Amino acid sequence: MDIRIPLRLWRDAGRVVPVLGHDWFVREAGHGPALLLIHGFPTASWDWSWIWGDLAADRRLIAPDLLGYGFSAKPLDHSYSIADQADRCESLLE
């Protein structure tokens with residue numbers, strides 16, 4: 001049975017990385033084939049905390065907070081779009 005990871009511990013186990021000019025919070029774990037975990041709207045990567053341990057057992061997990069969400073930057077002058085978020089996810093994976 002999975003238990004949600006407390007938010008403070010979730011944050012402390014992640015890191016902030018620059019992605020196309022803005023800071024993104026990213027949580028990573030595990031080994032094996034990479035699995036990008038994209039959160040829903042209007043939430044954050046912490047959504048995955050319930051199943052994090054099970055998924056990390058045989059995969060490398062990459063869970064960002066998309067721009068404007070969670071612990072990532074929230075620029076006021078940015079034009080948010082799905083295409084922009086997708087470009088940022090692609091850049092993160094590179």
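Just so you know, these numbers come straight off a predicted model, no measurement behind them. Quick note: residue numbers are just sequence positions, from 1.
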In this structure, OH of Tyr69 is separated from OG of Ser45 (nearest 0.5 Å) by 13.0 Å

Find out whether the Lys NZ or Arg CZ of Arg4 is both under 6.0 angstrom from the six-membered ring centre of Trp46 and within 45° of the ring's axis. yes

Between Ala44 and Gly70, which heavy-atom pair has the shortest distance, and what is it? CB-CA, 3.7 Å

Name every donor-acceptor pair, under 3.5 Å, that has one atom in a side chain of residues 87-94 and the other anywhere in the protein, sequence neighbours excluded.
| unit_1 | atom_1 | unit_2 | atom_2 | d |
| --- | --- | --- | --- | --- |
| Arg88 | NE | Asp84 | OD1 | 3.4 |
| Arg88 | NE | Asp84 | OD2 | 2.8 |
| Arg88 | NH1 | Val19 | O | 2.8 |
| Arg88 | NH1 | Leu20 | O | 3.2 |

Count I, L, V, M, F, W, Y as connected when their side-chain heavy atoms are under 4.5 Å apart, and connections chain through other members. Are Trp48 and Leu67 then in the same cluster? no

Using modelled atom types and a 3.5 Å cut-off, is there a donor and acceptor pairing between side-chain atoms of Glu28 and backbone atoms of Arg60? no

Supply the members, apart from Ile82, of the Ile/Leu/Val/Met/Phe/Trp/Tyr cluster built from side-chain contacts under 4.5 Å; use none for a lone residue. none

What are the two closest heavy atoms between Asp47 and His39, and how far apart are they? OD2-CB, 4.0 Å

His22: partners by ring pair (Phe, Tyr, Trp, His ring centres under 6.0 Å), with sequence neighbours left out: His78

With clusters defined by side-chain heavy atoms of hydrophobic residues (ILVMFWY) lying less than 4.5 Å apart, directly or transitively, does Val26 cluster with Ile51? no

Going through the checks in order, is the side chain to side chain contact (heavy atoms under 4.5 Å, CB included) test met by Ile5 and Trp52? CA-CA 8 Å; Ile5 299 165; Trp52 190 256; 4.0 Å; yes

Hey, what do you get for CG (Leu66) to CH2 (Trp24), rounding to the nearest 0.5 Å? 5.0 Å

So how far is it from Leu61 CG to Leu37 CG, rounded to the nearest 0.5 Å? 5.5 Å

Arg27 to Trp10 six-membered ring, cation-pi geometry met (6.0 Å, 45°): yes

Rounded distance (nearest 0.5 Å) linking atom OG1 of Thr43 with atom CD1 of Ile38: 11.5 Å

Take Asp23 and Phe71, measure what side chain to side chain contact (heavy atoms under 4.5 Å, CB included) needs, and give me the verdict at the end. CA-CA 9 Å; Asp23 286 344; Phe71 299 116; over 6 Å; no

Shortest non-hydrogen contact from Pro64 to Leu36? CD-CD1, 3.8 Å

Least distance between heavy atoms, Lys74 atom then Tyr80 atom: C-OH, 3.5 Å

